[in-house]
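Lettering follows sequence order; numbering is per chain, from 1. Here the structure is a predicted model, which means the values were calculated and not measured.
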There are 2 protein chains.
Amino acid sequence: MSQQRQGSTPGEADGVPAFPDLPEATIARLPEYLRALHHLAETGAETVSSEGLAAAAGVNSAKLRKDLSHLGSYGTRGVGYDVALLIDQIEYILGLDKNRAVCLVGVGNLGHALAGYAGFASRGFRVVALFDADPKKVGERINGLAVQHIDDLDRVAAEEGIAIGVIATPPGSAQAVADVLVAAGVTSILNFAPGVLSVPPNVDVRKVDLAIELQILSFHEHRKASLTALPGGRSAEGGNQEAVGS
Amino acid sequence: MSQQRQGSTPGEADGVPAFPDLPEATIARLPEYLRALHHLAETGAETVSSEGLAAAAGVNSAKLRKDLSHLGSYGTRGVGYDVALLIDQIEYILGLDKNRAVCLVGVGNLGHALAGYAGFASRGFRVVALFDADPKKVGERINGLAVQHIDDLDRVAAEEGIAIGVIATPPGSAQAVADVLVAAGVTSILNFAPGVLSVPPNVDVRKVDLAIELQILSFHEHRKASLTALPGGRSAEGGNQEAVGS
DNA sequence: CGCGATTTGTGCACGCCTTCACAAGCGCCT
DNA sequence: AGGCGCTTGTGAAGGCGTGCACAAATCGCG
């Protein structure tokens with residue numbers, strides 16, 4: 001099974017993708033593996049063991065092997081995984097070979113930062129359009145990109161083939177923006193505004209709430225303080241270093 | 001400061017905190033409940049049913065009831081939950097009644113935005129110090145707060161009683177910053193830099209990687225595209241609207 | 001050519017989380 | 001006072017994810 005090292009992009013010949021039914025937990029870890037692999041590739045490594053890659057990604061090696069086994073065996077027993085091959089494989093699975101177009105709505109405090117965030121471009125995403133509802137912001141150039149009015153979103157999204165939208169507006173506007181995005185054909189939304197978005201079932205929403213992350217940390221602070229106040233205060237074995245993704 | 005536990009707030013009357021051993025999954029949802037409750041309180045509601053609150057928070061009502069049952073029964077059968085009481089209870093559990101001091105390291109693109117993010121202050125966190133390693137940035141005022149050099153972190157953290165740190169530096173500096181934070185007594189870190197941080201076991205780390213969120217969405221885009229290409233193209237039952245905390 | 005060292009891939013068991021379904025409790029109305 | 005409808009709290013079942021432990025596979029070396 002491992003012999004079929006098809007040099008071409010690890011896809012399928014014809015129209016049958018036979019898309020692997022990956023567990024969500026695995027999907028959430030693939031980007032982390034990918035980052036670690038890129039780092040390894042830069043250092044010149046050609047192969048990695050599951051142990052090595054697991055350490056670089058901050059996970060258990062058994063978990064890593066099981067994750068990778070889900071997307072087809074691309075390792076060699078006794079040797080490890082081919083770094084370049086695995087990168088191609090994961091990037092294909094994640095659909096990063098498409099250089100996906102992303103639009104961002106809401107050029108406020110956070111939106112500004114996101115528009116200039118280098119981490120997007122370096123990992124296969126192009127921010128191709130910025131929108132805002134405030135006429136005073138329309139025309140402003142950020143990182144070489146002009147802010148457009150949200151009324152133009154529908155047209156621009158069609159022109160550029162945008163399928164992913166990022167919402168960085170105040171909470172009150174988020175649902176309205178989501179509706180506009182959905183109407184424009186966007187099927188994946190990354191939402192930075194607090195609150196729950198209501199969208200059709202075929203649209204995926206991921207939410208990042210910065211305050212929630214702090215609140216979770218606050219809980220652990222509270223817990224640790226309670227424990228150390230107690231006589232039997234163990235030094236907090238609780239799971240630290242947990243990634244945030246699902 | 002004042003890590004002393006006080007049993008006066010909603011907690012039990014006697015001296016034993018008996019800190020509820022909440023499941024991680026529950027903890028991650030409490031902030032969302034809290035936000036929904038605040039919203040309800042603003043609209044004047046005095047009580048909520050589990051059904052209503054669950055809808056507002058975007059979860060299953062059974063899950064919400066079980067979550068709330070873990071922190072002691074504060075509902076009334078046949079009526080629902082007292083909004084104000086529940087807010088107090090959750091804020092106590094999360095330790096938000098302490099108005100926790102937070103410091104932020106790395107005043108770049110993202111750090112700038114985080115320093116000005118209103119959502120922190122409005123939810124019980126005070127950003128009391130900003131740090132950067134770049135001397136050119138030291139002294140710059142953001143939102144009325146002056147950027148200090150990271151060499152002063154140790155002293156300032158002690159003075160202000162900072163237990164939570166936010167890392168918004170480039171990836172290459174993240175580990176070094178984490179070491180400084182830990183040495184200064186910080187026990188909770190929110191890390192926005194890609195990569196794995198290595199910290200002592202008593203320090204909690206949560207990671208937010210914006211690019212990873214997009215990559216996960218990209219996967220679902222890829223999957224949806226593959227499915228629609230298939231004859232039996234189901235209309236994506238996949239879990240949408242999933243919060244990122246988990 | 002065979003053997004040992006090494007590493008992957010996976011069967012299995014365990015624990016956590018989710019979800020259903022329902023008994024217990026509460027208030028209101030008659 | 002009693003009954004009725006509504007809502008919470010929870011026992012139980014099922015599913016998912018994790019981690020262990022080991023068989024299978026591969027390479028290098030004598």
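Computed from coordinates, the B/L30 CG to C/dC17 P distance equals 13 Å when rounded to whole Å. Atom pair A/R65:CZ and D/dC22:P shows a separation of 14 Å (rounding to whole Å applied). Rounded to whole angstrom, the span from the NE2 atom of A/H70 across to the P atom of C/dG9 amounts to 12 Å. What separates CD of A/E24 from C1' of C/dT18 is a distance of 15 Å, to the nearest Å. Atom pair A/K63:NZ and D/dC16:P shows a separation of 17 Å (rounding to whole Å applied). B/L86 has its CG atom 10 Å from the P atom of D/dG9, to the nearest Å. When rounded to the nearest whole Å, the span between CG of A/L68 and C1' of C/dT7 equals 13 Å. The nearest whole Å value for the distance from the CG atom in A/D21 to the C1' atom in D/dG15 is 14 Å.
Of the N and O atoms on the side chains of A/T187 and B/E221, at least one donor lies less than 3.5 Å from an acceptor on the other residue. A donor atom on one side chain and an acceptor atom on the other are found under 3.5 Å apart for B/H220 and B/R223. Side-chain atoms of B/D204 and B/S188 form no donor-acceptor pair, as typed in the model, at a separation below 3.5 Å.
Smallest separation of non-hydrogen atoms from A/G106 and A/T169: CA-CG2, 3.8 Å. Taking every heavy atom of both residues into account, B/G75 and B/Y81 meet most closely at CA-CD2, 3.4 Å. Considering all non-hydrogen atoms of both residues, B/F219 and A/I93 come closest at CD1-O, 3.3 Å. Across B/A211 and A/Y117, no two heavy atoms sit closer than the pair N-CE2, 4.5 Å.
Between B/V48 and A/N60, the residue anchored closer to the 5' end of DNA chain D is B/V48, taking for each the nucleotide with the nearest heavy atom.
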Could you run down nucleotides 25-30 of chain C 5' to 3' and tag each one B, S or - for protein heavy-atom contact under 4.0 Å? BSS---
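Counting only heavy atoms from C-beta on, A/Y81 has its side chain closest to C/dG9 among C/dG9, D/dT18, C/dC17. Nearest to the side-chain atoms of B/S49 among the listed nucleotides C/dG9, D/dG17, D/dT7 stands D/dT7. Checking C/dT10, D/dT10, D/dT18 against the side-chain heavy atoms of A/S69 singles out C/dT10 as nearest.
An OP1 or OP2 oxygen of C/dG9 is reached within less than 4.0 angstrom by a side-chain nitrogen or oxygen of A/S73. The side chain of B/Y74 contributes no N or O atom lying less than 4.0 Å from OP1 or OP2 of D/dT7.
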Might you list the N or O atoms of the protein lying below 3.5 Å from N or O atoms in nucleotides 11-14 of chain C, with each pair's distance?
{"from": "C/dG11", "atom 1": "O6", "to": "A/K66", "atom 2": "NZ", "distance (Å)": "3.1"}
{"from": "C/dC12", "atom 1": "N4", "to": "A/K66", "atom 2": "NZ", "distance (Å)": "3.3"}

